Amino acid sequence: MVRIKHRYILFDILYPSTTTTTTTSPSTLSTPQPPSFILFSHPSPSHISAQLLLANVRSSIQSVFGDHGLSVTQPSLRIVYFSPSTSTVILRVPRAHYGLVWASLTFMDTLPGPQRGSPAVRCVTRVVRVSGTIRKSEEEVLRRARRDIVRAKREGREDEDGENILGGLLDQNNGKGSAQLPSLRAREEEEGIVDLDDEDDLEDISD
């Protein structure tokens, strides 16, 4: 049995709006506007996949820290969870170099376009938690899902919309979303990897 210590970085990909409103008319005032946090945290484009994100993270690491940075993080670097509907990602990184990966994520401000030669997609990467186990990361995903439902209801949205938000956050509409994250632990156990839960020396970041 190989004992390897990892860190799991939970981060959101935000897509700032490139359009601004300069005038306000009575018609726009009467039209209900979605909550501001939903406008900023909308789903990822359809062409964005876990493989594309991982390649972009590796490119950012190499751009900021060179070949050395890429070589020390490459063996353990893996996206273990990606939700296109909420642009939420859990990234597995080596414990000794998680700060290096975090810094590289900060500099990642674009994603590739849908086709070669198409304009890049502007984005902002926001790290919300660094955990020693997948379990802690998935608990944070569920906590933030419930929080967003409360925020949506507070903004005046209907209960049905709140349920749709939760369904999107779990990537399922039949109440099966929670099964995907625990399966990640089973997959790593089959690979003979033990992720030690050494949270005494762990630095948790949450908003």
Side-chain angles (χ1 to χ4, degrees), residues 4-15 37-38 40-61 73-95 97-102 104-106 108 111-112 121 123-149 164-197 199 202-207:
I4 301 176
K5 294 184 179 180
H6 294 129
R7 287 292 178 261
Y8 294 89
I9 299 179
L10 171 64
F11 65 93
D12 295 332
I13 304 174
L14 309 178
Y15 299 95
F37 74 93
I38 292 180
F40 198 55
S41 304
H42 58 76
S44 295
S46 58
H47 71 279
I48 301 298
S49 64
Q51 293 78 8
L52 184 63
L53 276 176
L54 185 58
N56 211 60
V57 171
R58 288 171 177 164
S59 177
S60 179
I61 293 173
T73 58
Q74 177 79 8
S76 297
L77 202 64
R78 177 203 254 180
I79 290 180
V80 296
Y81 175 75
F82 171 53
S83 171
S85 60
T86 60
S87 304
T88 303
V89 186
I90 298 178
L91 179 67
R92 190 189 72 182
V93 300
R95 186 190 70 164
H97 305 288
Y98 82 91
L100 183 150
V101 179
W102 188 345
S104 301
L105 290 174
T106 304
M108 194 175 73
L111 295 174
V121 179
C123 68
V124 174
T125 303
R126 179 180 62 184
V127 175
V128 297
R129 185 182 179 96
V130 178
S131 303
T133 60
I134 296 178
R135 182 182 295 107
K136 292 297 182 181
S137 295
E138 65 188 56
E139 288 174 356
E140 180 67 14
V141 170
L142 296 175
R143 185 191 71 82
R144 292 170 64 83
R146 298 186 183 96
R147 184 202 64 181
D148 286 346
I149 289 178
N164 290 337
I165 293 175
L166 179 58
L169 288 165
L170 297 178
D171 276 339
Q172 298 287 340
N173 293 323
N174 298 323
K176 301 178 182 179
S178 58
Q180 181 178 359
L181 290 173
S183 66
L184 300 174
R185 295 194 297 269
R187 184 190 312 164
E188 294 203 342
E189 290 175 0
E190 292 176 358
E191 296 175 355
I193 297 175
V194 176
D195 186 22
L196 299 182
D197 189 1
E199 296 185 356
L202 177 62
E203 181 177 343
D204 279 346
I205 305 296
S206 59
D207 59 353

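Computed over heavy atoms, backbone and side chain alike; hydrogens, waters and symmetry mates excluded. Predicted, not measured: the structure shown is a model, and the values here were computed from it.
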Answer whether the closest heavy-atom distance between the side chains of T86 and V141 falls below 4.5 Å. no
Would you check if there is a donor-acceptor pair between the side chains of T133 and S131 at a distance under 3.5 Å? no
Spacing of R7 atom CZ and S137 atom OG [to the nearest 0.5 Å]: 10.5 Å
Could you grab the distance from atom CG of L10 to atom CZ of R126, nearest 0.5 Å is fine? 9.5 Å
For H47 and P112, indicate whether the former's side chain and the latter's backbone hold a donor-acceptor pair under 3.5 Å. yes
What heavy-atom pair brings T125 and L105 nearest, and what distance separates the two atoms? CB-O, 3.4 Å
State the CG-NE2 distance between L77 and H6, to the nearest 0.5 angstrom. 10.0 Å
Is there side-chain contact between V80 and L91, with heavy atoms separated by less than 4.5 Å? no
List the residues meeting side chain to side chain donor-acceptor pair (under 3.5 Å) with S44, not counting sequence neighbours, and say none if there are none. Y15, S87
Counting only N and O atoms by type, is there a donor-acceptor contact under 3.5 Å from the side chain of R58 to the main-chain atoms of Q74? no
Mind checking the CZ-CD1 spacing from R129 to I90? Nearest 0.5 Å is all I need. 10.5 Å
Atom OH of Y98 and atom CD1 of I9: how far apart are they, to the nearest 0.5 Å? 8.5 Å
Here the pair of heavy atoms bringing I79 nearest to L54 is CD1-N, 3.6 Å
Hey, does L52 have a side-chain heavy atom less than 4.5 Å from the side chain of L111? no
Of all heavy-atom pairs linking E140 and R143, the shortest is OE2-NH2, 2.7 Å
Do R144 and T88 have side-chain heavy atoms sitting under 4.5 Å apart? no
Do I48 and I13 come close enough that some side-chain heavy atom pair is under 4.5 Å? no
Once rounded to the nearest 0.5 Å, what's the spacing between atom OG1 of T106 and atom CZ of F11? 10.5 Å
